[in-house]
Amino acid sequence: MSKKHLLLLHTGGTISMKENLETGGVSTDGSNPIAEVIDIPGVDAQYTVKELFQIPSPHVTIQHMMMLKKEIEATKADGVVITHGTDTMEETAYFLQLTLEKAIPVVLTGAMRSSNEVSADGLANFIAAVKTAASSEAADQGVLVVMNEAIHSAQYVTKTNTGSLDSFQSRDAGPVGTVLKSGPHFFHTPTQQRPIHLKHAKDVHIPILKVYAGMDGSLINQLSGCDGIIIEAMGQGNIPPLAAEALIDLIQKGVPVVITSRCGSGIVQPVYEYDGGGASLKKAGALFAGGLTGQKARLKLLAALSGGHNQNLPYFFN
Ligand SMILES: NC(=O)C[C@H](N)C(=O)O
């Protein structure tokens, strides 16, 4: 069998940063130790290495995600590893999952500790990600995130802890596999959906609003100019009556409103018929995002709108 060709795309984040031993602060000095790693024990592959950008992931925008999509769609490599900051890794992974029109293994990884900290996790995560991307089994799994030896589907993974090495979890679904010394071992394959073909990818204006007890309509009333709104509602998808009234007003003006839950796990459902309850919101035309977090529902709405599916949004949120 001929050698695998892997594309290694570096984008920044803690995996490429160093701790200042005097101040304890973490930042980049322009160098990237992980980009120098181009020989992985046990993986028979040739590598193309590109440092696309070197930014902390809170600085990542849709434009950066689009750059990654274009690189991946243009490559002749058999698989891709992306190093990325962890704060928005799940968003880039999910955007790629929604929109990539190519089915090769794509694996994102990063680090919770910077490269010169005690027990830095970046190198181990990177090696596990390369082993996964080199595996033929990874091809049908969609976009993956490999952290702390676990393999997660972009669909479900989320950063659950500010500092723990075990921060990345697929809360309702569990990981799709684990990386052993010998390579990846998959437990199951996530269901694949057809990619959303983007007609344009401007960063449309879709704010995420978290609901709280006693919330009124004052904030929502200011959002009539936006392209859509994501609501992190209470429980299964309920909101206080005054906030609901303002939202229903926006829905009637044609603004798509997508309901997620602030609970952090579980699936939103239109159950309650009281004012502001999920069933009454659904009746008024609100869309429900299943088990997606607010940040992923936002990317799904963004991709659907960028694909020109404005009239067909219930197909994406049911
Ligand atoms: N661990 C990390 O990578 C966090 C960092 N703030 C980033 O997302 O760039």
Side-chain angles (χ1 to χ4, degrees), residues 9 11 52 60-75 80 82 88-104 106 108 140-143 153-157 190-209 220 222-233 237 246-260 267-268 270 278 281-318:
L9 296 174
T11 71
L52 274 194
V60 166
T61 65
I62 294 295
Q63 271 60 46
H64 296 105
M65 298 180 195
M66 279 303 290
M67 274 172 76
L68 285 164
K69 170 173 155 68
K70 282 188 183 139
E71 282 289 335
I72 297 167
E73 285 172 350
T75 189
V80 182
I82 301 170
T88 62
M89 187 187 293
E90 67 204 63
E91 282 164 89
T92 298
Y94 187 59
F95 180 79
L96 294 173
Q97 162 90 5
L98 284 173
T99 65
L100 264 186
E101 304 199 40
K102 187 169 201 171
I104 55 172
V106 175
L108 284 90
D140 302 322
Q141 307 279 348
V143 175
S153 160
Q155 172 85 19
Y156 300 110
V157 69
T191 342
Q192 289 305 306
Q193 275 157 4
R194 275 219 314 263
I196 301 173
H197 177 69
L198 301 184
K199 296 198 172 134
H200 61 81
K202 50 183 177 77
D203 198 351
V204 287
H205 184 40
I206 305 175
I208 302 178
L209 276 192
I220 297 168
Q222 292 170 35
L223 295 174
S224 56
C226 65
D227 299 289
I229 304 175
I230 308 298
I231 298 292
E232 289 192 356
L247 266 186
I248 291 171
D249 201 40
L250 285 191
I251 295 173
Q252 281 162 359
K253 289 184 178 137
V255 180
V257 170
V258 179
I259 307 295
T260 66
I267 304 215
V268 284
L281 296 173
K282 174 109 182 173
K283 204 165 160 206
L287 302 160
F288 278 66
L292 292 178
T293 56
Q295 58 270 29
K296 287 188 183 173
R298 180 182 180 277
L299 288 167
K300 194 168 196 185
L301 181 60
L302 183 148
L305 294 176
S306 304
H309 300 288
N310 310 45
Q311 300 308 321
N312 198 21
L313 294 175
Y315 171 78
F316 299 92
F317 300 96
N318 41 34

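Positions are given from 1, in the same order as the sequence printed here. What you are looking at is a predicted structure, and each value in this text was computed from that prediction instead of being measured.
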Where the side chain of Lys300 meets the backbone of Leu98, is there a donor-acceptor pair that is under 3.5 Å apart? no
Quick check for you: to the nearest 0.5 Å, what is the distance between Asp227 atom CG and His205 atom NE2? 7.5 Å
A side-chain contact here means heavy atoms from C-beta on lying under 4.5 Å apart; do Val258 and Ile229 qualify? no
Side-chain heavy-atom pair Ile267, Phe288 within 4.5 angstrom cut-off: no
Side-chain touch Leu96/Thr92, heavy atoms, less than 4.5 angstrom: yes
Taking all non-hydrogen atoms of both residues into account, name the closest pair between Gln155 and Leu292 and its distance. NE2-CD2, 4.1 Å
Would the number of heavy atoms belonging to other residues, nucleotides or ligands and lying under 6.0 Å from NZ of Lys102 be above 12? yes
For the OG1 atom of Thr293 and the OH atom of Tyr156, what is their distance to the nearest 0.5 Å? 12.5 Å
Between Ile230 and the options Leu299, Thr260, Leu287, the side-chain contact (heavy atoms from CB on, under 4.5 Å) test singles out Thr260
Are Phe316 and His309 near enough that their ring centres are under 6.0 Å apart? yes
Would the distance check show the side chain of Glu73 and the main-chain N or O of Glu101 forming a donor-acceptor pair, the cut-off being under 3.5 Å? yes
So Met66 and Lys69, do their side chains get closer than 4.5 Å, heavy atoms only? yes
NE2 of His64 to CE of Met67: how many Å apart, nearest 0.5 Å? 6.5 Å
Please test Val204 against Leu301 for side-chain contact (heavy atoms from CB on, under 4.5 Å), starting from the C-alpha separation and ending with a verdict. CA-CA 10 Å; Val204 287; Leu301 181 60; over 6 Å; no
Once you round to the nearest 0.5 Å, how far does CG of Asp249 lie from OG of Ser224? 9.0 Å
Would you say that Leu281 contacts Ile231 through its side chain, given a criterion of any heavy-atom pair below 4.5 Å between the two side chains? no
Taking every non-hydrogen atom, the tightest pair across Pro195 and Leu100: CB-O, 3.3 Å
Go through Glu91 and Lys296 one step at a time and tell me if the side-chain contact (heavy atoms from CB on, under 4.5 Å) criterion holds. CA-CA 6 Å; Glu91 282 164 89; Lys296 287 188 183 173; 5.5 Å; no
For Leu223 versus Pro207, what's the shortest heavy-atom pair and its separation? CD2-CG, 4.0 Å
With a 4.5 Å limit on heavy-atom distance, are the side chains of Thr11 and Ile82 in contact? yes
Of all heavy-atom pairs between Arg298 and Ile206, which one has the smallest distance, and what is that distance? NE-O, 2.7 Å
So with a 6.0 Å cut-off around CD of Gln311, is the heavy-atom count from everything else above 12? no
If you round to the nearest 0.5 Å, how far is CZ of Phe95 from OG of Ser306? 7.0 Å
On a heavy-atom basis, which atom in Gln97 and which in Ala154 lie closest, and how many Å separate them? CB-CB, 3.9 Å
Flag the pair Leu52 / Glu71 as yes when at least one side-chain heavy-atom distance between them is below 4.5 Å, and no otherwise. yes
Yes or no on side-chain contact (heavy atoms from CB on, under 4.5 Å) for Leu209 and Glu232, after CA distance, side-chain angles and deciding distance? CA-CA 6 Å; Leu209 276 192; Glu232 289 192 356; over 6 Å; no
Say you draw a straight line from CE of Met65 to CG of Leu302; how long is it, rounded to the nearest 0.5 Å? 8.5 Å
Correct closest heavy-atom pair for Ala284 and Ile248 would be CB-CG1, 3.7 Å
Salt bridge (charged side-chain N to carboxylate O under 4.0 Å, His left out) contacts in which one or both residues fall within residues 306-318, not counting sequence neighbours: none
With side chains defined as the heavy atoms from C-beta onward, is the minimum distance between Ile259 and Val257 less than 4.5 Å? yes
